[in-house]
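Contents: one structure, followed by commentary.
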Amino acid sequence: MRTSQKDFNDAVSQVKLLKEDPGNEVKLKLYALYKQATEGPCNVPKPGMLDFINKTKWDAWNALGSLSKEAARQKYVDLVSSLSTSSKSPSPETPAADRKPPEGNSLVVTSEDGITTIRLNRPTKKNALTTQMYHDIIAALQAASKDESTITVLTGSGDYYCSGNDLTNFTHLSAGGLEEMARSGEVLLRDFVDCLIDFPKPLVAVVNGPAVGISVTILGLFDVVYATDRATFHTPFSHLGQSPEGCSSYTFPKIMGSSKAAEMLLFGKKLTAQEACARGLVTEVFPDGTFQKEVWARLKAYSKLPPNALRISKQIIRKQEKEKLHAVNAEESSVLRERWLSDECMNAIASFLSRKAKL
Ligand SMILES: CCCCC/C=C/C(=O)SCCNC(=O)CCNC(=O)[C@H](O)C(C)(C)COP(=O)(O)OP(=O)(O)OC[C@H]1O[C@@H](n2cnc3c(N)ncnc32)[C@H](O)[C@@H]1OP(=O)(O)O
């Protein structure tokens, strides 16, 4: 059956009324089909490499090749109709457990039983770290260093611990363009990692699921790392045209030996929790079913230890390394600034944004 112009116009109006955001991948498909349906095959010049968003949209439109306007209209209408069906609000009978939890603040900080917990809370984005979240974690660590708690914990909500840097951070360009974005990224990264290096109390990572990128590299700066057996540890820097940060170029070889570190940091070998534990990056692995119960019981017991003794002991353990770690952090951050401006990195980010590549 042919799609009429009216069906198409109705579908265009329906998109504006969708109750749920259909996500970037679908929005990109809708954009491309709309352009093809209204203007025909893509014949406008390709946007520059730095113009991530418009380049991604152009790629999606261009990928439709010589698809006819009518076929594009039909695909657009079909896609919108599938979205309208799937985004109906849940009926009153839908059990609460089947509904998505509300996603409020991206970072939730709580203090209880002598433990300050900093929880990454963007489960639908696998707890990817936005620029604002780096600032908020710095502020939370600064507050935790002075509060009454004995131990500080970093963990995640949902099925992931953290998928690393939010790759859309690269698309928020200010008037200073990419150079300015890279410069401010360097400063933010250095401040964030400095804060972890200087953190005065026991710092524990409760790794509740897979960890990627910077959420893995900074583990070398934690005092204890507990992981569910579902966790994986992945540092795909070369795939992203980037280089290691979080002092991992120094801590990883020290923790696991240079060739095991190189396998992770150069070739992006993804480790299971057991492998990470065998290499010394993880302190202990727990079965997923009892992970939360066992870990929090253990931490509650540790939090009753005398806080000043813990603080002083941590200081003496870490003291010799601090200067070295700050120097490594400054160098890694500066190298990354240049990497972010490279074609290799820009192509990798553009590729993620256009959903051509998954790690
Ligand atoms: C200023 C400091 C800079 C510090 C430098 C740091 C460097 C790094 O951390 S490098 C590592 C960066 N991270 C990645 O490259 C991971 C990219 N993500 C993925 O490869 C995958 O999403 C996945 C393997 C983490 C999960 O795959 P899957 O289970 O199939 O789930 P989805 O891909 O559908 O993800 C759901 C949803 O979340 C969005 N998302 C996930 N990770 C990120 C991310 N790192 N940045 C931005 N967005 C992310 C993903 O796009 C999906 O969103 P929607 O399509 O809108 O649903």
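Both counts, for ligands and for their atoms, begin at 1 and track the order of listing. Heavy atoms only: backbone and side chains are in, while hydrogens, waters and symmetry mates are out. Please read all numbers here as calculations on a predicted model, not as lab measurements.
- Atoms of ligand 1 lying under 4.0 Å from any heavy atom of Ala128, numbered from 1 in the order shown and given with element: 43 (C), 44 (C), 45 (N), 46 (N).
- Counting all heavy atoms, side chain and backbone alike, Thr116 lies closest to Ser149 at OG1-OG, 3.0 Å.
- Smallest separation of non-hydrogen atoms from Leu299 and Val153: CD1-CG2, 3.8 Å.
- Close approach to Thr124 involves these atoms of ligand 1, each under 4.0 Å from a residue heavy atom: 36 (C), 37 (C), 38 (O).
- With a heavy-atom cut-off of 4.0 Å, Ser163 touches ligand 1 through backbone and side chain alike.
- Within the 4.0 Å heavy-atom criterion, the part of Leu240 lying near ligand 1 is the side chain and not the backbone.
- The pair Arg183-Glu180 meets the salt-bridge criterion, since a charged nitrogen lies less than 4.0 angstrom from a carboxylate oxygen.
- Of the N or O atoms in Trp340, none lie within a sub-3.5 Å distance of an N or O in ligand 1.
- For the pair Asp136 and Ile118, the minimum side-chain heavy-atom distance is 4.5 Å or more.
- Considering backbone and side-chain N/O atoms, Leu189 never comes within less than 3.5 Å of an N/O atom of ligand 1.
- Every atom of ligand 1 with a heavy atom of Gly164 under 4.0 Å away is listed here by number and element: 9 (O).
- Val328 approaches Ser249 most closely through the heavy-atom pair CG1-OG, 3.6 Å.
- Salt bridge absent: Glu263 and Lys270 never bring a charged side-chain N and a carboxylate O closer than 4.0 Å.
- Here's the thing with Asn165: one of its N/O atoms is less than 3.5 angstrom from an N/O atom of ligand 1.
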side-chain hydrogen bond (donor to acceptor under 3.5 Å, both in side chains) assessment of Asn208 paired with Thr228: CA-CA 6 Å; Asn208 57 296; Thr228 158; over 6 Å; no

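- Close approach to Tyr160 involves these atoms of ligand 1, each under 4.0 Å from a residue heavy atom: 23 (C), 24 (C), 25 (C), 26 (C).
- One finds no salt bridge joining Arg190 and Glu331 here, because no Lys/Arg side-chain nitrogen approaches an Asp/Glu carboxylate oxygen to under 4.0 Å.
- By heavy-atom distance, the residue among Lys125, Lys27, His239 lying nearest atom 40 (N) of ligand 1 is Lys125.
- Of the candidates Phe237, Tyr134, Phe352, Tyr134 brings a heavy atom nearest to atom 2 (C) of ligand 1.
- Considering backbone and side-chain N/O of Ile214, one or more are found under 3.5 Å from N/O of ligand 1.
- Side-chain contact between Val206 and Phe291 is present, with heavy atoms from C-beta onward closer than 4.5 Å.
- Neither the backbone nor the side chain of Phe170 comes within contact range of ligand 1; no heavy atom lies under 4.0 Å.
- Using a 4.0 angstrom heavy-atom cutoff, Phe192 does not count as in contact with ligand 1.
- Remark: distances from the non-hydrogen atoms of Thr217 to ligand 1 are all 4.0 Å or more.
- Interface atoms of ligand 1 facing Asp166, defined by a heavy-atom separation under 4.0 Å, are 46 (N), 47 (C).
- Salt-bridge formation is detected for the pair Arg339/Glu344: a Lys NZ or Arg NE/NH1/NH2 atom is positioned less than 4.0 Å from an Asp or Glu carboxylate oxygen.
- Among Lys125, Arg122, Lys126, the single residue meeting the salt bridge (Lys or Arg N to Asp or Glu O under 4.0 Å) criterion with Asp166 is Arg122.
- Near Gly213, with a cut-off below 4.0 Å to any heavy atom, the atoms of ligand 1 are 8 (C), 9 (O), 11 (C).
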